[in-house]
Amino acid sequence: MPALLLAKNAPHDLGRLRLSDYLVSEKLDGVRAYWNGQAMISRQGLALNVPPDFARRLPARPLDGELWLGRGQFDATAAALRRSTAEAGEWARMRYMLFELPEAAGSFEQRAALLRDLTQDLAWEALQAVPQTRGSDATGLQGQLARVLQDGGEGLMLHLAAAPYLSGRNEVLLKLKPQDDDEAVVLAHLPGTGRLQGLMGALRVRNSQGQEFSLGTGFSDAERRRPPALGSVVTYRYRGLSAKGLPRFASFVRVQPL
């Protein structure tokens, strides 16, 4: 499993941050993909089914980014990567959007500049560096977020410009979305009652902070009939934390597919 940098949720009070210290980019809804110089690997450490012609054009150095078909196309991107045989039409539209240069020296700002140079030198439309802009103030950032959401995006990423290359969940990388989200491992299926008799009523999950709780909303009946497998990773949204520090109004979003 590749050692990747994972984001924390941005604080609700953006005034706590010196936003000019961050580089800001759009949060893409693609599939995280690590290129080790020879093969494409998912965040969970699985080999991704990338067409040989696509892989041959990638440089022989580690890269980190997302395979992306466009805003609102997460399910289509995941489906393309699950196919045993690549579909030419999908891969003609696929983009590998780069936002990190693993193991490179220097600050994130320096690595972002290297990524821009790399993609410009290769001049291949499928390989792009995610645009980064310097943060301003809370009002400006909220305006930028509103424009991204209006255009169908899902949020913003804030990466501390001076940060060295790091891995693991770290506050040098923050995600800003209309609602906080996190990921959790499925521990158990809890039976439904009433209308949900005979279906999954809730998932018992453990999140990235090691907290266990039940996740019971956000599921379709089809998902309740075939709930996420034990051990799988799910994304959920929530609205702040309870007095005990647990996510409030947690709602299922999707299974991490790869």
Side-chain angles (χ1 to χ4, degrees), residues 1 4 6-9 26-33 40-49 66-87 90 93-94 148-149 152-155 157 169 175-242 244-258:
M1 188 176 298
L4 304 178
L6 305 176
K8 291 190 171 185
N9 290 307
E26 181 176 343
K27 185 182 187 304
L28 303 177
D29 53 347
V31 173
R32 187 77 176 266
M40 194 78 78
I41 304 170
S42 78
R43 182 178 147 189
Q44 283 75 37
L46 302 175
L48 295 175
N49 186 25
E66 291 195 12
L67 290 165
W68 188 64
L69 282 172
R71 289 168 170 156
Q73 297 295 308
F74 174 84
D75 289 340
T77 306
L81 291 167
R82 285 195 296 264
R83 297 189 201 286
S84 57
T85 302
E87 191 172 289
E90 289 173 329
R93 297 184 291 112
M94 190 71 76
V148 166
L149 296 176
E154 64 170 34
M157 302 297 294
R169 200 168 295 276
K175 53 187 174 183
L176 179 62
K177 301 176 66 176
Q179 284 186 281
D180 291 333
D181 64 18
D182 201 353
E183 294 169 356
V185 177
V186 177
L187 304 178
H189 300 151
L190 305 182
T193 59
R195 188 187 75 79
L196 300 179
Q197 185 76 35
L199 303 176
M200 181 272 292
L203 299 178
R204 190 69 181 172
V205 299
R206 181 188 298 117
N207 67 11
S208 58
Q209 287 76 48
Q211 300 167 313
E212 293 187 16
F213 58 95
S214 296
L215 185 61
T217 63
F219 301 96
S220 67
D221 283 355
E223 288 165 334
R224 292 184 186 279
R225 282 191 289 271
R226 298 185 63 183
L230 301 184
S232 63
V233 177
V234 299
T235 298
Y236 64 92
R237 295 192 184 100
Y238 64 99
R239 301 177 188 172
L241 301 175
S242 70
K244 295 183 178 180
L246 293 173
R248 297 174 66 244
F249 307 111
S251 178
F252 171 80
V253 178
R254 63 190 176 205
V255 180
Q256 289 297 319
L258 299 161

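Along the sequence shown, residues carry numbers from 1.
Here the straight-line distance linking atom CD of Gln256 with atom OG1 of Thr235 works out to 4.0 Å at 0.5 Å rounding. Taking CD of Gln73 as the start and CG of Leu67 as the end, the distance is 14.0 Å to the nearest 0.5 Å. Interatomic distance, CG of Leu28 versus CE of Met157, reported as 9.5 Å (0.5 Å rounding). Atom-to-atom distance recorded for Leu215:CG and Tyr236:OH is 8.5 Å, nearest 0.5 angstrom. To the nearest 0.5 Å, atom CG of residue Leu69 and atom CG of residue Asp75 are 11.0 Å apart. Here CG of Leu4 is found 9.5 Å from CD1 of Ile41. Values are rounded to the nearest 0.5 Å.
Between Asp181 and Arg254 there is no salt bridge, since no side-chain nitrogen of the basic residue lies less than 4.0 Å from a carboxylate oxygen of the acidic one.
Between Glu154 and Phe74, every side-chain heavy-atom pair lies at or beyond the 4.5 Å cut-off. Counting heavy atoms from C-beta on, the side chains of Pro178 and Arg237 never come closer than 4.5 Å. Inter-residue side-chain proximity for Leu6 and Arg43 is flagged as met; some heavy-atom pair is nearer than 4.5 Å. A heavy-atom distance below 4.5 Å is not found between the side chains of Val31 and Met40.
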Check the pair Asp182, Ser208 against side-chain hydrogen bond (donor to acceptor under 3.5 Å, both in side chains), reporting the backbone distance first and the verdict last.
-> CA-CA 7 Å; Asp182 201 353; Ser208 58; 3.0 Å; yes
Check the pair Arg225, Leu199 against side chain to side chain contact (heavy atoms under 4.5 Å, CB included), reporting the backbone distance first and the verdict last.
-> CA-CA 5 Å; Arg225 282 191 289 271; Leu199 303 176; 3.3 Å; yes
Side chain to side chain contact (heavy atoms under 4.5 Å, CB included) between Leu203 and His189: does it pass, once the steps are laid out?
-> CA-CA 5 Å; Leu203 299 178; His189 300 151; 3.5 Å; yes
Verdict with reasoning, Val205 to Phe213, per side chain to side chain contact (heavy atoms under 4.5 Å, CB included) | CA-CA 6 Å; Val205 299; Phe213 58 95; 3.7 Å; yes
After noting the C-alpha distance and the side-chain angles of Val234 and Val255, does the key distance pass the side chain to side chain contact (heavy atoms under 4.5 Å, CB included) rule?
-> CA-CA 4 Å; Val234 299; Val255 180; 4.1 Å; yes
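Among all heavy-atom pairs drawn from Lys244 and Gln211, the shortest one is O-NE2, 4.5 Å. In terms of heavy atoms, Met94 sits closest to Ala80 at CE-CB, 4.0 Å. Heavy atoms only, all atoms of each residue included: Arg169 and Ala7 are closest at NH1-O, 2.6 Å. Minimum heavy-atom separation, Ser251 to Gly218: OG-CA, 3.5 Å. Nearest heavy atoms, Leu187 versus Glu212: CD1-CD, 3.5 Å. Taking every heavy atom of both residues into account, Leu48 and Ala33 meet most closely at CD1-CB, 3.8 Å.
At least one donor-acceptor pair closer than 3.5 Å links the side chain of Arg248 to the backbone N or O of Arg239. Arg224 contributes a side-chain N or O that, together with a main-chain N or O of Met200, makes up a donor-acceptor pair within less than 3.5 Å. With hydrogens and angles ignored, the 3.5 Å screen pairs a side-chain donor or acceptor of Thr217 with a backbone N or O of Ala250.
Judged by distance alone, the side chains of Asn9 and Tyr238 do bring a donor and an acceptor atom under 3.5 Å apart.
Here the options are Lys177, Arg71, Lys175, the test is salt bridge (Lys or Arg N to Asp or Glu O under 4.0 Å), and the partner is Glu26; only Arg71 passes.
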